[in-house]
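See structure below.
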Amino acid sequence: MGRLLVNLSSSLLLLCLICGGSMVMRSQSDQETWCVAKPSSDEVALLNNLNYACSIVNCTIFQEGYSCFYPNNNISHASIAMNLYFQSRGRNYWNCDFNSSGLIVSTDPSFGDCVYLFGN
């Protein structure tokens, strides 16, 4: 059975290459991903995430007078801080855990003038 799977896989790869296709394996860090707070996160978790992330990355973007201040609430500010941390650490899934309160998304969460950082 194992040999059959190896032969089948090799045949499919060869067929793909003969037809002019290419097989590209992308790691998660090569894809556009962002880290945001789970909507179910409680206020204590959000504040802990804010404090932790902002002790490591520059969080001025959501201070009053900056583009991501509004909406002025903890889930919005925590999401921005968590994403800044996630992006600065290489977009590894473990850098968005935040004690199970982080969520990796593939849709850009930017809104209005507030642009969520993508990339290092």
Side-chain angles (χ1 to χ4, degrees):
M1 179 72 164
R3 189 171 190 179
L4 176 64
L5 290 175
V6 170
N7 287 338
L8 182 59
S9 297
S10 298
S11 297
L12 288 174
L13 176 60
L14 182 59
L15 180 61
C16 179
L17 294 175
I18 290 171
C19 293
S22 63
M23 294 186 71
V24 178
M25 299 283 291
R26 294 179 68 180
S27 69
Q28 181 177 342
S29 62
D30 292 337
Q31 299 172 8
E32 290 185 356
T33 54
W34 294 264
C35 177
V36 296
K38 286 182 181 175
S40 60
S41 299
D42 62 39
E43 290 297 309
V44 172
L46 296 172
L47 288 173
N48 287 338
N49 297 348
L50 270 165
N51 290 332
Y52 177 73
C54 292
S55 73
I56 297 169
V57 297
N58 182 345
C59 290
T60 57
I61 192 168
F62 58 81
Q63 301 301 312
E64 191 166 7
Y66 288 86
S67 60
C68 295
F69 179 68
Y70 293 105
N72 182 17
N73 58 50
N74 287 336
I75 194 158
S76 176
H77 292 180
S79 292
I80 295 163
M82 293 162 67
N83 184 63
L84 288 168
Y85 176 84
F86 175 69
Q87 299 297 331
S88 73
R89 296 297 182 256
R91 297 186 311 275
N92 300 299
Y93 70 88
W94 56 84
N95 297 126
C96 186
D97 184 62
F98 292 93
N99 292 319
S100 299
S101 65
L103 179 66
I104 296 175
V105 297
S106 57
T107 302
D108 186 351
S110 299
F111 58 94
D113 291 333
C114 181
V115 177
Y116 275 59
L117 176 70
F118 171 74
N120 293 336

Does one hydrophobic cluster hold both Leu50 and Tyr70, with members joined at side-chain heavy-atom distances below 4.5 Å?
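As far as the 4.5 Å side-chain criterion goes, Tyr70 and Leu50 are not connected within one cluster.
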Mind checking whether Leu103 and Tyr116 sit in one hydrophobic cluster, side chains of I, L, V, M, F, W, Y counted as touching below 4.5 Å?
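Yes, Leu103 and Tyr116 fall within the same hydrophobic cluster.
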Going by the disulfide (SG to SG under 2.5 Å) test, which pairs reach into residues 73-106, not counting sequence neighbours?
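Every pair satisfying disulfide (SG to SG under 2.5 Å) with a residue in residues 73-106: Cys35-Cys96.
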By ring pair (Phe, Tyr, Trp, His ring centres under 6.0 Å), which residues pair with Phe62, not counting sequence neighbours?
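Phe62 satisfies ring pair (Phe, Tyr, Trp, His ring centres under 6.0 Å) with His77 once adjacent residues are dropped.
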By ring pair (Phe, Tyr, Trp, His ring centres under 6.0 Å), which residues pair with Phe111, not counting sequence neighbours?
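Phe111 satisfies ring pair (Phe, Tyr, Trp, His ring centres under 6.0 Å) with no other residue.
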With a cutoff of under 4.5 Å between side-chain heavy atoms, which Ile, Leu, Val, Met, Phe, Trp and Tyr residues group with Val115?
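Its cluster partners, ordered by chain and number, are none at all.
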Residues that, via side-chain heavy atoms closer than 4.5 angstrom, fall in one hydrophobic cluster with Tyr66
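Same cluster as Tyr66: nobody, lone residue.
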Closest heavy-atom contact between [X] and [Y]?
X: Ala37; Y: Ser79; answer: N-OG, 3.0 Å
X: Arg91; Y: Gln31; answer: NE-O, 3.9 Å
X: Val105; Y: Val36; answer: CG1-CG2, 3.9 Å
X: Ala81; Y: Ala53; answer: O-CB, 3.5 Å

Between [X] and [Y], is any pair of side-chain heavy atoms under 4.5 Å apart?
X: Leu117; Y: Ile61; result: no
X: Ile104; Y: Phe86; result: yes
X: Gln87; Y: Val57; result: no

Over 12 foreign heavy atoms within 6.0 Å of CG, Asn72
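For Asn72, atom CG is crowded (more than 12 foreign heavy atoms under 6.0 Å).
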Could I get the full list of side-chain contact (heavy atoms from CB on, under 4.5 Å) partners for Glu64, not counting sequence neighbours?
Phe69
Would you say Asn92's side chain and Asn95's backbone share a donor-acceptor pair under 3.5 angstrom?
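Absent.
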Which pairs, with at least one residue in residues 100-115 and sequence neighbours excluded, count as a side-chain hydrogen bond (donor to acceptor under 3.5 Å, both in side chains)?
Asn49-Ser101, Asp108-Ser110
Give me each pair satisfying side-chain hydrogen bond (donor to acceptor under 3.5 Å, both in side chains) with a member in residues 37-47, each pair once, sequence neighbours excluded.
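Listed once each, the pairs are Glu43-Asn74.
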Can you run down the ring pair (Phe, Tyr, Trp, His ring centres under 6.0 Å) pairs that involve residues 31-52, sequence neighbours left out, and say none if there aren't any?
Trp34-Phe118, Tyr52-Tyr85
